[in-house]
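The structure appears below as C-alpha cells.
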Amino acid sequence: MEGSVRVRFAPSPTGLLHIGGLRTALYNYLFAKGNDGTFVLRIEDTDQARYVEGAEEDIQRSLKWAGMDVDEGPENPGDVGPYRQSERKDMYEQYAEQLVEQGNAYYAFDTPEELDQMRERLKKSGNPSPKYDAITRMSMKNSLTLPEEEVERKLEEGEEYVIRLKVPRRETIRFEDEVRGFVSFESKGLDDQVLLKSDGMPTYHLANVVDDHLMKISHVIRGEEWLSSTPKHILMYEYFGWEPPKMAHLPLIMSPSGGKLSKRKAESEGIPINTKDYIEQKFEPEALVNFLAYLGWSPGDDSEIHSLGELCEMFSLDRVSKGGAVFDYKKLIWYNEHYLREKSADELWPRVQEIAKEHDLDPDEEYMKQIIPLMKERVSKVEDFVTMGRFFFEDPEEYEDKAAKKWNDDSAELLEAYVEKIEDLDEGAFEAKTLKDKIKEVIEEYDVGFGPVMMPLRVAISGMGYGPDLTPTIELLGKETTIRRIETAIEKLG
RNA sequence: GCCGCGUUCGUCUAGGGGUUUAGGACGCCGCCCUUUCACGGCGGUAGCACGGGUUCGAAUCCCGUACGCGGUACCA
C-alpha cells in the first residue's frame, strides 16, 4: 500500500548488538507499531573484513529478548528480500552502473597507496582534510581523466576499480529531518564517495539508498552519526529519480564522562555495553526498554512507567530530543527494581530457579516462593534473590565487616537470652509473631532498645546488616537452623 | 582545520514569547511509617552556557561567542 509506514533496523554484524543499536531498533519498532507499519530487519554485511561470526544471531536474540518482533527479516522474509546485503550483491552493481551511464558516477582506478599519497600531498600543502572531490578527481586515475580506450582496456583486463559518486562542485543540498527540521550542506564539503568497492560489494551509502528504495522504506530512523552523510544519499535519490524516505536522526547516547558511549568508555565506567550483557546480568527487559525509550524521547507528560505496547501508542518522532543523552545507570536500576516488584513469586520462580542452579543451589519450589515475597522489596536485580538470599540455604560462613560492627559487648548475652526463650517453642508456635514477641520480652527484661537485639540477630542469621524482614525469615529458617546460627555467631564474635 | 548538529537541576527531561516563584523523574538529603532491613508516603536540594539584539515582555525568536558531540575511509 502506498504511503504505509515501513521502517528498518539495519545493523552491521561486526560485533555484539550495542545498547545504542538496541535503542535505534526500539525507536524504529515503536514508530512502526504505533503507525500500523512494518518493522524490517536488514543485515548490512557489506564489509567482509569486519564480519563477526554469530553477530547476526546475537542481534536476533537481543531483539527478541527485548520484545521486538521483526515483521520482515532474514528469518522471516517478506517479498522484498533477501534481507542480507551480502545476498543482494548483484543488485547493487547495476545501480552503480546506471549512475555511471547517467554521468553521475565514474570508475576510479587509484590504488589505496595512490590515495594515501594524494592525501599526504594535500595535507602537506596545508589541506587538513583532503578529499577526493571535484577538484582532486581531475588529477587522479579515473574514467573522467583517462582516455576512453584506456578505461575500456582496464575494465576488460579486469583491473581493480571502484565506482565513485560524482558530487557536483557547487550545490546546496537541503533536506528535512523529522527531528531536527531543515538541514543543509554545501556539496563542496562532500567527497566523491565510493559506491562500489573493488571487491564488488557496495558501500553502506549505495546499499542503504538502493535497499531503502527497493524495500519501500518510508522512514529512515538512525543514529546522528549518519547525519553528515545524508546529503550524499539525497543526491543519489535525486540521480535515481526516486523519492527519498523521510529522515530522522536520533541523538547519540553519551557516556557519563562525555563522548559517544563506546565500548571502552562504558566498560571503564561500569556500564554494560552490549545487549547481551544485560541479558546475562538478568535485567528485566521491560526495564531496559522503558529506560531506553526515555533516553532521548519523552511523551510530554509526567509519566515514567510504560510497557512496550503503551510506548508504541505514545511514541512520535517530533518528541525525540535533539541533544545527546547521557546513560544514567542508576535510573536503569530504578526501572529494574520497579518492574521486579511488579512481578509475582510465581512469575519469578522459574528464573530464580535457573539462577540458583548457576550458583550450585537447588531450591525447593515452595520454600523459594516463600522467600521471594520477603525479598522482593529489596532486590535490584533478579539474581539478588539468590546472592543476597543465599543465607536461606546455607549458614553464613563469615560476617560482613559492616554488619559485624553492629555486634556489641552485650550482644552475646542478649542473644543467649533469646535462644533460651525460643528453644521451648513447638514447631507450630515457631512463627513470626511469636518470635517477635520473644524479642520484646528480651528487650524488656534487659531494658534495652530493639536495635541491640535485632541487629546482632540479623548478623547471626544472615551474616549481613540488611535484608528481609527478620522474624518471618527466622520462621522460614526453622528453629534448629536459627539456634545453630546464633550459637555459631556467639562463638565467633564473642 | 573544515562541515554539520546540539546546549533547561549532577543525570533523563517538560516547557516553544506573558499561565513559571521554570514542572516531573532518577540521584542525594531530611521527616513520617516501621521498636529490624527495606518498600511506601511527604518534604527539601539543585538548572534556562555566555553576550548582544527583537519585544511592553524572552528559558522560549534572531545574531554572535564559548563549550560539547558527530562527520571528514574501498567502516558501518
Side-chain angles (χ1 to χ4, degrees), chain A residues 10-14 44-47 49-50 85 108 110-112 115-116 119 123 126-132 160-164 177 179-180 183-186 188-191 193-205 207-208 222-231 249 251-252 254 256 258-260 291 294-305 319 321-335 337 341 374-379 388 406 436 439-440 443 448-458 462 464-471 473:
Chain A
S12 134
T14 52
E44 309 228 325
D45 54 350
T46 55
D47 187 348
R50 291 207 305 157
Q85 289 183 331
D110 317 277
T111 63
L115 290 174
D116 284 345
R119 294 195 179 102
K123 260 186 190 165
N127 184 340
S129 58
K131 283 187 295 291
Y132 200 119
E160 289 207 333
Y161 68 93
V162 300
I163 292 181
R164 283 181 182 271
D177 186 277
V179 348
R180 285 150 217 281
V183 181
S184 69
F185 290 81
E186 296 302 322
K188 68 168 188 268
L190 271 32
D191 63 353
Q193 189 59 239
V194 169
L195 265 21
L196 200 71
K197 301 187 259 189
S198 58
D199 64 358
M201 277 288 191
T203 57
Y204 171 87
H205 306 283
N208 104 75
R222 81 235 289 195
E224 195 189 337
E225 69 268 30
W226 294 110
L227 189 59
S228 315
S229 42
T230 304
H249 289 92
L252 261 21
M254 316 289 277
K260 186 158 81 165
F291 169 74
Y294 273 70
L295 202 59
W297 169 85
S298 84
D301 56 26
D302 286 344
S303 65
E304 301 282 343
I305 305 294
R319 296 208 59 88
S321 24
K322 299 172 176 54
V326 175
F327 192 100
D328 184 354
Y329 191 70
K330 281 192 170 170
K331 191 153 190 178
L332 203 214
I333 294 291
W334 175 77
Y335 271 114
E337 289 168 342
R341 282 171 201 135
L374 243 34
M375 300 192 63
K376 215 164 72 173
E377 310 302 312
R378 40 219 113 194
V379 296
M388 190 193 292
K406 292 177 179 168
K436 192 161 192 176
I439 293 177
K440 284 182 191 166
I443 68 171
V448 293
F450 216 62
V453 180
M454 211 54 145
M455 293 319 287
L457 186 54
R458 182 181 285 288
S462 70
M464 310 183 298
Y466 58 93
D469 200 4
L470 199 49
T471 50
T473 298

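Atom set for the values below is all heavy atoms of this structure, side chains included, hydrogens, waters and symmetry mates excluded. Chain naming here is simple, since letters A, B, ... match the order of the sequence lines and numbering starts at 1 in each.
- Here B:G4 presents its P atom at 16 Å from NE2 of A:His249, a figure rounded to the nearest Å.
- Look at CG on A:Asn127: it is 9 Å from C1' on B:C2, rounded to the nearest Å.
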Please list each protein N or O that sits under 3.5 Å from an N or O in nucleotides 42-46 of chain B, with the distance.
none

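- As rounded to whole Å, 12 Å separates atom P of B:C69 from atom CD of A:Glu224.
- Using a 4.0 Å heavy-atom cutoff across all strands shown, A:Met254 reaches sugar-phosphate atoms only and no base atom.
- Annotation: A:Tyr329 is not in aromatic contact with A:Phe291 [ring centroid separation under 6.0 Å not met].
- Regarding A:Arg458, its CZ atom lies at a distance of 8 Å from the P atom of B:A38, rounded to whole Å.
- Counting any heavy atom pair closer than 4.0 Å across all strands shown, A:Ile333 reaches no nucleic acid atom.
- In B:C26 the O4'-C1'-N dihedral to the base is more than 90° from 0, which defines an anti nucleotide.
- As judged by a 4.0 angstrom heavy-atom cut-off over every strand, A:Leu470 is placed among the base-contacting residues.
- Rounded to whole Å, atom P of B:C26 lies 11 Å from atom CG of A:Asp328.
- Of all nucleotides listed (B:U35, B:A25, B:C28), B:U35 comes nearest to the side chain of A:Lys436.
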Pairs under 3.5 angstrom, nitrogen or oxygen only, protein versus nucleotides 61-66 of chain B, please.
none

Original post:
Nucleotide by nucleotide, 5' to 3', does protein get under 4.0 Å of the base (B), only the sugar-phosphate (S), or neither (-) in nucleotides 71-76 of chain B, counting heavy atoms?
Top reply: SBSBBB
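- The salt bridge (charged side-chain N to carboxylate O under 4.0 Å, His left out) search around A:Lys376 returns none, not counting sequence neighbours.
- Between the NZ atom of A:Lys322 and the P atom of B:C5 there is a distance of 12 Å, rounded to whole Å.
- Relative to the side chain of A:Leu252, the nucleotides B:C69, B:U11, B:G40 differ in distance, and B:C69 lies closest.
- If you check every strand for non-hydrogen atoms under 4.0 Å, A:Val453 touches nothing.
- Among residues two or more places apart in sequence or in another chain, the side chain to side chain donor-acceptor pair (under 3.5 Å) test is passed with A:Arg50 by A:Asp47.
- Using a 4.0 Å heavy-atom distance criterion, A:Ser303 is classed as making no nucleic acid contact.
- For A:Phe450, whose side chain is taken as the heavy atoms from C-beta onward, the closest listed nucleotide among B:G10, B:C39, B:U35 is B:U35.
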Please write out the pairs of protein N or O atoms and N or O atoms of nucleotides 13-19 of chain B separated by less than 3.5 Å, giving the distance to one decimal.
{"from": "B:U13", "atom 1": "OP1", "to": "A:Gly296", "atom 2": "N", "distance (Å)": "2.8"}
{"from": "B:U13", "atom 1": "OP1", "to": "A:Ser321", "atom 2": "OG", "distance (Å)": "3.1"}
{"from": "B:U13", "atom 1": "O3'", "to": "A:Ser298", "atom 2": "OG", "distance (Å)": "3.3"}
{"from": "B:U13", "atom 1": "O2'", "to": "A:Ser298", "atom 2": "OG", "distance (Å)": "3.4"}
{"from": "B:A14", "atom 1": "O3'", "to": "A:Arg319", "atom 2": "NH2", "distance (Å)": "3.2"}
{"from": "B:G15", "atom 1": "OP1", "to": "A:Arg319", "atom 2": "NH1", "distance (Å)": "3.1"}
{"from": "B:G15", "atom 1": "OP1", "to": "A:Arg319", "atom 2": "NH2", "distance (Å)": "3.1"}

